[in-house]
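What you see is a predicted model; the values in this text were computed from it and never measured. All heavy atoms count here, side chains included; hydrogens, waters and symmetry mates do not.
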Amino acid sequence: MSTLLGDDVKREIGQHFVVGFHGHELSGEVISLIRDYYVGSIIIMKRNVKTIEQLRRLVQKLQVTAKHSGHRQPLLIGIDQENGLVSAFSSDAAGTQFPGAMALAATSSEDLAEEVTQASAKEMRYAGINWVFSPVADVNSEFRNPVIGVRSFSGDPETVGNFSAAVARGLTSAGIAPCAKHFPGHGDTHIDSHLSLPRIMKTEESLSSTEIVPFRTLIAQYVATIMTGHIALPLITSSETPSSLSYSITTNLLRNELGFSGVVVTDCLEMEAVATEYGTEGGAVKALQAGADIAMICHRFDRQCGAIEAAYAALVSKTISLEALQESGKRISSLKLRFAGTWDEVLGDQEMPEEELANMKRENELLSKRAYAASIAWIKGGEMFEPIQPRDIVVIFTPKMERINLVVDDHEEVLLTSGGQIRNTAGPSYLAFAESISKRAGSSHHIIYGPDDTDKGDSFGAVLDSSTRIIFTTRNSYLSIWQIDYLRKLMTHNSKRAKPALLTLVASCAPYDLMNANDLVFPCLCSFEFTIPALDAIAAALFGETTVGGAVPCHEVLSSTCR
């Protein structure tokens with residue numbers, strides 16, 4: 001089929017795809033996608049990142065491959081770097097770990113959000129990244145949402161809009177194109193689109209007053225790109241078509257009604273919300289027909305090639321308009337000119353002196369620590385809190401690791417074996433948290449509890465009975481209710497002691513953990529994410545080293561727990 005198309009047309013089609021690949025070095029597959037299929041954009045995944053210098057060299061090789069393959073402009077190099085739990089660039093040897101969306105909103109400082117984002121963006125820009133799939137502009141109005149949660153700034157549309165705009169400004173000022181996601185809004189569902197198609201039963205009026213608010217703010221500030229989500233809106237489209245494949249959403253609503261003139265990219269078309277019904281290949285064609293500029297396919301080479309070849313066939317059969325594709329291509333070219341630059345700029349970019357890079361990293365670590373400290377918030381019972389003393393005997397409870405969702409979960413078998421078994425039941429963040437407490441306390445003991453351990457409350461013995469302080473850590477216990485069941489047994493055991501230990505609860509992810517447990521009365525701190533620096537900030541607050549000054553970004557579902 002491709003023999004019926006000229007080379008210029010195939011080059012045009014390639015610009016309308018962003019693809020991922022595997023490994024820390026160029027693979028034959030990604031070389032083929034750039035050289036033979038003329039793919040114009042690459043998404044860097046966590047699996048591609050080892051160190052900042054390694055990533056810089058890798059990106060340079062990708063760009064050289066594109067140049068030698070006759071690409072007219074450099075590649076767009078994108079990455080999922082929301083900060084917080086979704087940080088493909090963050091590691092000890094690569095990018096600095098900064099707070100994610102809800103943690104930043106808890107600081108109540110849009111200026112800090114912009115400062116943090118700009119610092120993160122400068123690191124990424126040095127590595128060659130020029131496109132970041134952030135901010136998350138979803139309004140988390142459904143607290144049971146399994147895939148958004150703390151990736152959202154809030155359940156309040158205005159808060160989400162203001163903080164999303166701050167993040168977009170931070171990225172843009174550092175020379176990186178932001179990408180607001182997931183239009184028209186993935187917040188009001190308890191279905192994960194990685195697994196199946198969410199259906200949001202909202203009218204256009206209801207959508208306009210909630211989900212659309214942040215995107216309207218971002219469009220008014222000329223955000224460079226927007227990602228469409230795989231969400232069905234039957235009351236608006238009169239169909240079960242995902243928004244990412246819907247002309248009425250992508251073109252009529254986003255382009256025509258809201259006036260967005262930038263680049264539209266889909267979420268990954270390998271997600272089951274699309275792949276089950278349409279196939280990745282069919283989904284790519286439908287997305288381009290709907291008005292998307294770029295179709296995203298992150299993982300499988302066969303699907304990437306198949307989708308591009310399906311686009312070839314659609315052009316031959318005229319089910320995709322070449323004129324519309326060329327007009328879309330102008331938007332992509334303008335985006336590249338602004339953020340990717342020229343070949344001379346990309347290939348002539350100089351390495352940063354080692355000392356300068358080290359200084360940037362040190363400054364960013366200090367900024368990260370300040371931001372995390374400012375994000376820690378009370379959920380309830382703050383007036384009862386007594387800082388832990390160095391002489392205290394502390395028992396720390398942390399939950400066994402469970403799969404959260406396919407965005408946050410480990411894909412590289414660091415925590416999971418190839419058979420799906422958890423290698424370390426505590427997880428590195430909670431081990432680091434226990435160590436952080438241990439360094440501060442007179443003595444401490446770390447207990448990892450799980451859903452099959454609910455009878456342990458009656459058999460802790462001397463370890464618990466000798467404690468003066470208990471730190472009980474939850475992770476989304478509003479979804480995993482066994483954690484609260486375990487806590488109740490622990491409290492019963494503790495209450496029978498002659499002098500019960502003082503208990504403080506740490507909600508290590510979403511701030512909804514006590515929503516269905518209003519009878520429990522004790523101090524509860526929230527970190528909004530279970531990253532190592534967030535939990536270290538919690539440890540500092542528990543020992544009174546820092547003041548707890550964050551505020552839960554409240555909305556109606558938090559009315560029972562917000563202070």
Identify the heavy atoms of R303 and T280 that sit nearest to each other, and give their distance.
-> CD-OG1, 3.6 Å

Say whether Q483 and D485, considering side chains only, have a donor N or O and an acceptor N or O under 3.5 Å apart.
-> no

Heavy-atom side-chain proximity of F522 to F385 below 4.5 angstrom = no

Under 3.5 Å, side chain of T276 to main-chain N/O of E272, donor-acceptor pair present?
-> yes

Output yes when a side-chain donor or acceptor of E240 lies under 3.5 Å from a complementary backbone atom of A232, and no otherwise.
-> no

Note, V285 side chain near I320 side chain (heavy atom, < 4.5 Å) = yes

Does K330 offer a backbone N or O that forms a donor-acceptor pair with the side chain of S334 under 3.5 Å?
-> yes

Check whether any side-chain heavy atom of I52 sits under 4.5 Å from a side-chain heavy atom of Y126, and report yes or no.
-> yes

Between S368 and Q97: side-chain donor-acceptor atoms closer than 3.5 Å = no

Might you confirm whether atom CG of D519 has over 12 heavy atoms from other residues, nucleotides or ligands at distances under 6.0 Å?
-> yes

Any pair counted as ring-ring contact (aromatic ring centres under 6.0 Å, His included), so long as it reaches residues 242-280, sequence neighbours left out | none

Residues passing the side-chain hydrogen bond (donor to acceptor under 3.5 Å, both in side chains) test with R169, sequence neighbours excluded, are E114, Q221

S134-Q81 side chain donor-acceptor pair, cut-off 3.5 Å = no

Would you indicate whether the side-chain heavy atoms of F397 and T473 approach each other to under 4.5 Å?
-> no

Side-chain donor-acceptor distances from residues 288-295 under 3.5 Å, at least two apart:
from: Q289; atom 1: NE2; to: T319; atom 2: O; distance (Å): 2.9
from: D293; atom 1: OD1; to: S328; atom 2: OG; distance (Å): 2.5
from: D293; atom 1: OD1; to: R331; atom 2: NE; distance (Å): 3.1
from: D293; atom 1: OD1; to: R331; atom 2: NH2; distance (Å): 2.9
from: D293; atom 1: OD2; to: R255; atom 2: NH2; distance (Å): 2.6
from: D293; atom 1: OD2; to: V264; atom 2: N; distance (Å): 2.7

For the residue pair A507 and T474, what are the closest heavy atoms and their distance?
-> CA-OG1, 3.5 Å

Heavy-atom count around I481 CD1 within 6.0 Å, excluding the residue itself: above 12?
-> no

Does the N476 side chain pair with the main chain of L479, one donor and one acceptor, at a distance under 3.5 Å?
-> no

Applying side-chain contact (heavy atoms from CB on, under 4.5 Å), name anything that partners S239, two or more places apart in sequence or on another chain.
-> T237, T241

How are the rings of W482 and Y449 set to each other: parallel, tilted or perpendicular (split at 30° and 60°)?
-> perpendicular

Which residues satisfy the ring-ring contact (aromatic ring centres under 6.0 Å, His included) test with F528, sequence neighbours excluded?
-> none

Locate the shortest heavy-atom distance separating I129 from I77; write the atom from each residue and the value.
-> CG2-O, 3.5 Å

Answer yes or no: is there a side-chain heavy-atom contact under 4.5 Å between L245 and V274?
-> yes

Audit row: S508, Y430, side-chain hydrogen bond (donor to acceptor under 3.5 Å, both in side chains) steps and yes/no = CA-CA 10 Å; S508 67; Y430 294 118; 2.8 Å; yes

Please determine, by modelled atom types, if H182 and D138 share a side-chain donor-acceptor pair under 3.5 angstrom.
-> yes

Do the side chain of N48 and the main chain of M45 share a donor and acceptor less than 3.5 angstrom apart?
-> yes

Please assess H230 against H186 for the test side chain to side chain contact (heavy atoms under 4.5 Å, CB included), listing each intermediate value before the final yes or no.
-> CA-CA 8 Å; H230 307 320; H186 205 308; over 6 Å; no

Under 3.5 Å: donor-acceptor pair, side chain of N140, backbone of V150 | no

In chain order, what residues pass the salt bridge (Lys or Arg N to Asp or Glu O under 4.0 Å) check against K181, with sequence neighbours excluded?
-> D80, E82

Sidechain-backbone polar pair: K46 side chain, S90 backbone, donor-acceptor under 3.5 Å = yes

Give, for atom CD of Q304 and atom CE of M296, the distance between the pair rounded to the nearest 0.5 Å.
-> 11.5 Å

Looking only at heavy atoms, the pair that brings S527 and I376 closest together is CA-CD1, 4.0 Å

Residues 98-110 side chain polar contacts: donor-acceptor under 3.5 Å, at least two apart:
from: T107; atom 1: OG1; to: L104; atom 2: O; distance (Å): 2.6
from: T107; atom 1: OG1; to: S109; atom 2: N; distance (Å): 3.2
from: S109; atom 1: OG; to: L112; atom 2: N; distance (Å): 3.0

Using the test ring-ring contact (aromatic ring centres under 6.0 Å, His included), find all partners of Y372 that sit at least two apart in sequence or belong to another chain.
-> none

Identify the heavy atoms of L269 and A284 that sit nearest to each other, and give their distance.
-> CD1-CA, 3.5 Å

Assess the side chains of E123 and N364: does a donor N or O sit below 3.5 Å from an acceptor N or O?
-> yes

Contacts of F133 that satisfy ring-ring contact (aromatic ring centres under 6.0 Å, His included) - sequence neighbours left out | W131

Residues 203-210 side chain polar contacts: donor-acceptor under 3.5 Å, at least two apart:
from: T203; atom 1: OG1; to: S206; atom 2: N; distance (Å): 3.1
from: S208; atom 1: OG; to: R216; atom 2: NH2; distance (Å): 2.9
from: S209; atom 1: OG; to: S206; atom 2: O; distance (Å): 3.0

Drop me the distance from R338's CZ to N130's CG, to the nearest 0.5 angstrom.
-> 12.5 Å

Is there a side-chain contact between S243 and L233 (heavy atoms, below 4.5 Å)?
-> yes

Determine yes or no for a side-chain-to-main-chain donor-acceptor pair under 3.5 angstrom, with S87 supplying the side chain and G84 the backbone.
-> yes

Smallest heavy-atom separation, L535 atom then S429 atom, equals CD1-O, 3.7 Å

Donor on one side chain, acceptor on other, H299 and R47, under 3.5 Å = yes

Could you go through the salt bridge (charged side-chain N to carboxylate O under 4.0 Å, His left out) check for E281 and K286 one step at a time?
-> CA-CA 9 Å; E281 299 83 355; K286 287 189 70 66; over 6 Å; no

The ring-ring contact (aromatic ring centres under 6.0 Å, His included) partners of F433 (sequence neighbours excluded) come to none

For K202, the salt bridge (Lys or Arg N to Asp or Glu O under 4.0 Å) test, sequence neighbours excluded, returns D188, E211

Starting at CG of L218, measure out to OG of S164 and round the result to the nearest 0.5 Å.
-> 5.0 Å

Distance in Å, E365 CD paired with K361 NZ, rounded so as to fall on 0.5 Å steps = 5.5 Å

Are any of the side-chain heavy atoms of V139 and S152 separated by less than 4.5 Å?
-> no

Gap separating the CD1 atom of I471 from the CG atom of L505, nearest 0.5 angstrom | 10.5 Å

If you round to the nearest 0.5 Å, how far is CG of D513 from OH of Y478?
-> 7.0 Å

Side-chain heavy-atom pair C509, E529 within 4.5 angstrom cut-off = no

